[in-house]
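Okay, structure first, notes after.
All values derive from a computational prediction rather than experimental measurement.
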Amino acid sequence: MTSNTKYIFVTGGVTSSLGKGIIAASLAKLLQAQGYRVTIQKLDPYINVDPGTLNPYEHGECYVTEDGAETDLDLGHYERFLNVPTSQANNVTTGRIYQSVIQKERQGKFLGKTVQVVPHITNEIKRRVQILGKSGDYDIVITEIGGTVGDIESLPYIEAVRQLRWDLGEDNGLVIHLTLVPYLSAAGELKTKPTQHSVKTLMESGVQADILVCRTEHKLPKDLRRKLALFCNVTTDAVIQSIDASTIYDVPNLMLKEGLDKIVLKKLALESSTPNIDIWNKFVHRHKNPKSEVNIGLIGKYVELQDSYKSILEAFIHAGAENELKVNVESVHSEYLNDENAELMLGHLDAVLVAPGFGERGIEGKITAVKYVRENNVPFLGICLGMQMAVIEFARNVLKLDQANSTEMEPETQHPVINLMEEQKNVKDKGGTMRLGAWACQLEPNSKAAKIYQTEDIKERHRHRYEFNSAYKGQMEAGGMKATGFNPKTKLVEIIEVEDHPWFMGVQYHPEYKSTVANPHPLFVAFVKAAFKHKKSR
């Protein structure tokens, strides 16, 4: 391919939530499909060290990588599109940049110099941007800059991009600027002025956009593209239309049609060929042309904000396409669920997933949901906290341990069937201190889990502090709840199954993080299949 790594920077203007992550992932998919080794990283301007301590209402879900980084949810999109794992190096925050610089200053590494945003902060940003490129594993590194140009917190990143463009030299780096071309219905016109101002703001920081990707609800006519090219100082073929799509999985094909990959490779002086995205298109066809549908309940406390469960929702899309089914996910707020309304709220569903989370809010509603599906033979999947709720429900209602609970919710509970992990007992800091990343799990032969995975040794990603209390394992198994997955070293119970139930599983890990377009997660595929079987049996 190429001896030196090429860098692509994706910035955003006019407004947030234009979809920089999806554009970056779609471009990466097209470049990958032409044989280039591509990765994507996200630079986030907030001062938190990582998203691990952020409330899902603030930032959506916290995504976890194989090596245990708590990251922005956009890294989930990168992995789902590219089918390539990300790492600690793929997500950098301002907090982490400053933490690193201050640490060096405390160690005397700046030889008494005054530490400033330029050059010390910008140098650290530049160093972080190039870590993946210098690894030798990638031909192209795409860097998404969070926020919008003009934001005070984004300025050091934009300055670092300006310097990197100069450092890298001709043909080794380019800037894609994602912007909005709004339609004013009163005037019946698309307006280019917001884009012009956004590009001007970028240029005031010394950065010239090489390619414009314009989010729009209506097609951009040729004369409007020429106008944008003229006033934004780019070539006409570098004005790319990004029209609203029915699904994010349409975007790679829309960008292919617009020639985004071709103009990028041309500007980077790299060879261009026709991308092979046959597997992708097979998935998109199945996703858009299901043969039937299922209704699955998602029981959680953040259901009004769908980004809180982004990876779960996407895993259902992948598993649905694999089964040629449309998965209608019905959000059920656990705070409003109780024994009196359980039949009304859950009775029509083909399966139920109890979602992960932290804290005691909505806990009793989750336990109610587990009780309903266990007693009515509805397929059930509990993830992390959802698995723990299944253990508590079983202890209370089958083993008759009335006060059974988790020490997270009730530290002095008489029956701590869920307990704080031994390694967590002396932990004081909240950020980055949970059990994180990929851990080995050994499956019991002939268990439902082993049949689903078609192996007895798996690795799955974790994000938790509490665990199944093994002191209760004997009682649980005697009552009919089997532990069928263990960490081989710590003997931590990873998977529980209820024997006399058609499909009842709880997992301590997060299978949703590993589901991709090319490799739908087997647990979700089997769960969706079980939902359809239950639907047909009714």
Side-chain angles (χ1 to χ4, degrees), residues 5-34 36-45 60 63 65 71-87 89-93 128-133 138-149 154 157-158 160-161 164 173-180 202 207 209-215 238 240-242 245 247-256 258-265 267-268 270 275 277 280 307 310 314 516-517:
T5 304
K6 309 277 186 171
Y7 292 86
I8 299 168
F9 301 96
V10 181
T11 59
V14 183
T15 175
S16 60
S17 302
L18 288 180
K20 290 192 300 293
I22 300 300
I23 291 296
S26 299
L27 172 60
K29 183 77 225 168
L30 296 176
L31 298 176
Q32 182 192 57
Q34 294 181 50
Y36 291 100
R37 299 171 302 158
V38 190
T39 190
I40 319 175
Q41 58 189 352
K42 175 84 183 280
L43 305 185
D44 269 314
Y63 187 79
T65 61
T71 73
D72 182 78
L73 60 79
D74 272 323
L75 268 71
H77 289 310
Y78 306 162
E79 289 200 13
R80 287 188 280 273
F81 276 52
L82 295 181
N83 200 37
V84 174
T86 52
S87 70
N90 290 76
N91 193 196
V92 181
T93 67
R128 296 282 183 134
V129 166
Q130 295 177 92
I131 286 173
L132 290 164
Y138 303 104
D139 304 307
I140 300 168
V141 175
I142 300 175
T143 303
E144 178 193 344
I145 313 286
T148 52
V149 296
S154 293
Y157 291 99
I158 300 300
V161 169
L164 270 169
L174 63 82
V175 174
I176 297 173
H177 189 55
L178 180 63
T179 182
L180 178 69
L202 192 60
V207 176
D210 299 285
I211 297 169
L212 292 183
V213 176
C214 304
R215 274 301 299 273
I240 303 293
Q241 167 187 287
S242 177
T247 165
I248 59 170
Y249 297 108
D250 278 336
V251 179
N253 277 305
L254 292 173
M255 292 302 100
L256 177 63
E258 282 288 304
L260 177 60
D261 57 316
K262 282 189 169 55
I263 186 70
V264 163
L265 291 171
K267 287 183 181 293
L268 292 175
L270 293 172
I277 52 172
W280 183 274
D307 273 359
K310 194 67 180 169
E314 298 306 317
T516 69
V517 167

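Taking both residues in full, the closest heavy atoms of S16 and T148 are given as N-CG2, 3.8 Å, listed atom of the first, atom of the second, then distance. When every heavy atom of V213 is checked against every heavy atom of S242, the shortest pair comes out as CG1-CB, 3.7 Å. Contact between A89 and I131 at its shortest, heavy atoms only, is CB-CG2, 4.2 Å. Closest of all the heavy-atom pairs between L256 and P275 is CD1-CG, 3.6 Å. When every heavy atom of A25 is checked against every heavy atom of L82, the shortest pair comes out as O-CD2, 4.5 Å. Scanning both residues, A245 and V251, for their nearest heavy atoms gives CB-CG2, 4.4 Å.
Side-chain contact between V161 and V175 is present, with at least one heavy-atom pair separated by less than 4.5 Å. In this structure the side chain of D250 reaches within 4.5 angstrom of the side chain of T247, judged on heavy atoms. In this structure, the side chains of V149 and H177 come closer than 4.5 Å at one or more pairs of heavy atoms. V264 has its side chain within reach of I176: a pair of non-hydrogen atoms, C-beta onward, lies under 4.5 Å apart. The shortest side-chain heavy-atom distance between C214 and I240 does not fall under the 4.5 Å cut-off. For the pair V10 and T143, the minimum side-chain heavy-atom distance is 4.5 Å or more. Contact check for R37 versus I140: no side-chain heavy atoms found under the 4.5 Å cut-off. Taking 4.5 Å as the limit, some side-chain heavy atom of F9 sits within range of a side-chain heavy atom of L164.
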- Task: Go through Q41 and I142 one step at a time and tell me if the side-chain contact (heavy atoms from CB on, under 4.5 Å) criterion holds.
- Result: CA-CA 6 Å; Q41 58 189 352; I142 300 175; over 6 Å; no
- Item | V38 vs D139, side-chain contact (heavy atoms from CB on, under 4.5 Å): CA-CA, chis, key distance, verdict | CA-CA 6 Å; V38 190; D139 304 307; over 6 Å; no
- Task: Report the C-alpha distance between I8 and L31 in whole Å, list the side-chain angles of each, state the deciding distance to 0.1 Å, and finish with yes or no for side-chain contact (heavy atoms from CB on, under 4.5 Å).
- Result: CA-CA 12 Å; I8 299 168; L31 298 176; 4.1 Å; yes
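Atom CG of L265 sits about 8.0 Å away from atom CG of L27, to the nearest 0.5 Å. Interatomic distance, L43 CG to I145 CD1, rounded to the nearest 0.5 Å: 4.5 Å. Once rounded to the nearest 0.5 Å, the distance linking CG of L260 with CD1 of I211 reads 6.0 Å. Rounded to the nearest 0.5 Å, atoms CG (L75) and CD1 (I40) are 8.5 Å apart. With rounding to the nearest 0.5 angstrom, the CG atom of D261 is 11.0 Å from the OG atom of S26. Note that CG of N91 and CD of E144 are 9.5 Å apart. Values are rounded to the nearest 0.5 Å.
When the options T93, D72, T86 are evaluated for a side chain to side chain donor-acceptor pair (under 3.5 Å) with K42, the one that passes is D72.
Within the 3.5 Å criterion, the main-chain N or O of V84 finds no donor-acceptor partner in the side chain of Y78. In this structure, K20 contributes its side chain and G147 its backbone to a donor-acceptor pair below 3.5 Å. One N or O on the side chain of T71 and one on the backbone of Y63 form a donor-acceptor pair closer than 3.5 Å. Remark: side-chain polar atoms of Q241 are not paired, donor with acceptor, to backbone N or O of R215 under 3.5 angstrom.
In this structure, a donor-acceptor pair under 3.5 Å is present between the side chains of N83 and T516.
Taking the charged nitrogens against the carboxylate oxygens, K267 and D210 have no contact shorter than 4.0 Å, which rules out a salt bridge.
Between F81 and H77, the angle of the ring planes goes over 60°, which puts this pair in the perpendicular group of the 30/60° scheme. Taking the six-membered ring for Trp and thresholds of 30 and 60 degrees, W280 and Y249 have ring planes inclined between 30 and 60 degrees apart.
Y36 has its ring centre no less than 6.0 Å from the ring centre of Y138.
Applying the side-chain hydrogen bond (donor to acceptor under 3.5 Å, both in side chains) test to N90 and every residue at least two apart in sequence or in another chain returns T39, S87.
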